[in-house]
There are 2 protein chains.
Amino acid sequence: MDARTLCLGVLQLGDASGYEIKKVFEEGVLSHIYETSFGSIYPALNRLVEDGLAICTEMPQDKRPDKKVYSITPAGRAALAAALQQVPAPDRIRSDFLFILMFGHLVPRPHLERLIDQRINWYRDTLARIDKCDTANWSASAQLFAGLGRTVFTAAAEYLEQNRHLLEQQESPTDRNGPAAAVAE
Amino acid sequence: MDARTLCLGVLQLGDASGYEIKKVFEEGVLSHIYETSFGSIYPALNRLVEDGLAICTEMPQDKRPDKKVYSITPAGRAALAAALQQVPAPDRIRSDFLFILMFGHLVPRPHLERLIDQRINWYRDTLARIDKCDTANWSASAQLFAGLGRTVFTAAAEYLEQNRHLLEQQESPTDRNGPAAAVAE
DNA sequence: GGTTGCATGTAAATGGTTACATGATTGT
DNA sequence: ACAATCATGTAACCATTTACATGCAACC
């Protein structure tokens, strides 16, 4: 799924500007499954218009650049439907936090603790973002999507809260001398 | 975290060849948090050696290319420790499956059902990969890492199994005429 | 007076994937 | 006979991120 398809998906939910699309990936429904930057959204929208998959309506605004509101076209809908029926690529996850946790014994414990605090907060924030969505009139599969997110983030937050105490027995690398060396070899 | 740091992490766990490192990200401990390809691993290992963060021992093998076994150096350990203490970048997730699920009403139901079957299997497979790891002599934080993975994937699999029936009420786009149009607008 | 939010865009740089190139061994 | 596993590597390609460029309004 490239940026173009992602934008089509958001436009399928309703007309939007590039700025608004970014917000959907930042604080909206899709914030926990994809991230994007302006540098990918704006070019994607231009290509969508070029290819006839979206149209753009310029809304003049006083004292601001024109707001360009994009709408999906029938061809766009067809393209989205086709993309959705492709074999999905496996999830691509890159989690610095999890990597650090795996090697947490190489890191000062207070630092690790702080990271865990932050991660729990992030789970809670994400949960709040999901709950903020008014899913009442969503399709059944979109509700399944939202519920899955809720389930996973709740489970993760609870697990960390309930199990972080396991770190207490662990020595911090600054507590001793031959730090990393003690673990491998 | 770039490919170099990821390789350092694996080497910290024990000496390995490029091929073996890839397996760690494919079927090993880190399979659910990062993915890599040979095209990123081999150049990364070369740079690690150039920078003195790893050393390479060529093990001649009969009838096969020399196996190049890499070992982390003290400088490499220091570099890894430093990288682990950087502020972690937010998780970067790209999930085609979740995106498709969000727009599942645009896809024929049998197709969606198949995807869900596959996803449950993938969760189960990942769980099996995690359980296959012998975590007994892992550090506390590595065990927390493994436990978090177990928790999250278990919760996800169970959620999908228990709630997929919600899709039953949903009409498939092939069931009716104006398909996508019914949802937006 | 500084930061945040609104609003769009481009260009360079980064980084990674995909595809190619090679080849023996082992299992089906 | 064919596929998979072992084993390494390069180069072209691709997408995305980052940084830059601009500027007003509202809030603190």
Side-chain angles (χ1 to χ4, degrees), chain A residues 1-8 10 15-28 30 33-50 54 56-70 83 86-96, chain B residues 1-7 10 15-28 30 33-50 54 56-70 83 86-96 99:
Chain A
M1 302 269 167
D2 55 14
R4 287 203 299 292
T5 310
L6 298 181
C7 288
L8 275 183
V10 177
D15 296 350
S17 67
Y19 192 86
E20 288 160 351
I21 288 175
K22 182 160 189 253
K23 281 210 299 188
V24 173
F25 289 107
E26 225 165 49
E27 9 181 293
L30 298 169
I33 57 161
Y34 275 108
E35 259 165 62
T36 45
S37 56
F38 289 129
S40 63
I41 290 174
Y42 286 125
L45 287 170
N46 287 331
R47 278 213 41 193
L48 248 25
V49 172
E50 268 176 49
C56 172
T57 316
E58 291 197 36
M59 315 276 266
Q61 299 189 122
D62 33 300
K63 312 283 181 145
R64 284 217 187 134
D66 289 1
K67 188 172 180 174
K68 295 187 173 180
V69 176
Y70 295 85
Q86 297 292 309
V87 177
D91 286 20
R92 181 172 267 94
I93 300 172
R94 324 214 82 201
S95 176
D96 282 7
Chain B
M1 301 269 165
D2 54 13
R4 286 203 301 292
T5 310
L6 299 181
C7 288
V10 177
D15 296 351
S17 66
Y19 191 85
E20 287 161 351
I21 288 174
K22 184 161 189 253
K23 280 209 301 189
V24 172
F25 290 106
E26 225 165 49
E27 11 180 292
L30 299 169
I33 57 162
Y34 275 108
E35 259 166 63
T36 46
S37 56
F38 288 130
S40 64
I41 290 174
Y42 286 124
L45 287 171
N46 287 332
R47 277 212 43 192
L48 248 25
V49 173
E50 267 176 48
C56 173
T57 316
E58 291 196 36
M59 313 277 267
Q61 298 190 121
D62 31 300
K63 313 283 181 144
R64 282 214 188 136
D66 288 1
K67 188 172 180 174
K68 294 187 172 182
V69 176
Y70 294 85
Q86 297 292 310
V87 178
D91 287 20
R92 182 171 266 96
I93 301 172
R94 326 215 81 199
S95 177
D96 283 6
F99 184 78

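By convention in this document, chain letters (A, B, ...) are assigned in the order of the sequence lines, proteins followed by strands, and residues within each chain are numbered from 1.
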Query raised in the report: C/dG16 phosphate, OP1 or OP2: any side-chain N/O from A/R94 under 4.0 angstrom?
Result: yes

Query raised in the report: From B/I21 CD1 over to B/L30 CG, what is the distance, rounded to the nearest 0.5 angstrom?
Result: 11.0 Å

Query raised in the report: Rounding to a whole Å, what distance do you find between B/D2:CG and D/dT18:P?
Result: 13 Å

Query raised in the report: Can you tell me if the side-chain N/O atoms of B/Y19 get under 4.0 Å from OP1 or OP2 in D/dT8?
Result: no

Query raised in the report: Got A/L6 and A/M1 here, is their nearest side-chain heavy-atom distance under 4.5 Å?
Result: yes

Report task. Would you kindly give the OH-to-P distance between A/Y42 and C/dC6, to the nearest whole Å? Result -> 11 Å

Query raised in the report: Of the nucleotides D/dC6, C/dT10, C/dG9, which one has an atom closest to the side chain of A/K68?
Result: C/dG9

Query raised in the report: In whole Å, what is the span from the CD1 atom of A/I41 to the C1' atom of D/dA15?
Result: 14 Å

Query - Distance in angstrom units between A/E27 CD and C/dG5 P, rounded - result: 8 Å

Query raised in the report: A/F38 has an atom CZ; how far is it from atom P of D/dC20, in whole Å?
Result: 17 Å

Report task. Report yes or no: does B/Q86 contribute a side-chain atom to a donor-acceptor pair with the main-chain N or O of B/A83 at less than 3.5 Å? Result -> no

Query raised in the report: Contact class for A/K22 vs. all strands (heavy atom < 4.0 Å): base, sugar-phosphate, or nothing?
Result: nothing

Query raised in the report: What nucleotide, of C/dT17, D/dT16, C/dT8, holds the atom closest to the side chain of B/S40?
Result: C/dT17

Requested in this report: Look at the side chain of B/R92 and decide which nucleotide, out of C/dG16, D/dT17, D/dC6, has an atom nearest to it.
Outcome: D/dT17

Query raised in the report: Less than 4.5 Å apart, any side-chain heavy atom of B/Y34 and any of A/R94?
Result: yes

Query raised in the report: Which word best sums up how the rings of A/Y19 and A/F38 line up, parallel for under 30°, tilted for 30 to 60°, or perpendicular for over 60°?
Result: parallel

Query raised in the report: Within the structure, does a side-chain N or O atom of B/S17 lie under 4.0 Å from either OP1 or OP2 of D/dT8?
Result: yes

Requested in this report: Select from A/L6 and B/G18 the residue whose nearest nucleotide in DNA chain D is closer to the 5' end of that strand.
Outcome: B/G18

Requested in this report: Answer with base, sugar-phosphate or nothing: what part of the nucleic acid does A/E35 contact at a heavy-atom distance below 4.0 Å?
Outcome: sugar-phosphate

Query raised in the report: In whole angstroms, how far is the P atom of D/dA11 from the CG atom of B/N46?
Result: 12 Å

Requested in this report: Give the rounded distance in Å between these two atoms: CG of A/L45 and P of C/dT10.
Outcome: 12 Å

Query raised in the report: Once you round it to whole Å, what is the distance between P of D/dA4 and CD of B/E26?
Result: 13 Å

Report task. Go through C/dG9, D/dT16, D/dG9 for me and flag the one nearest to the B/Y70 side chain. Result -> D/dG9

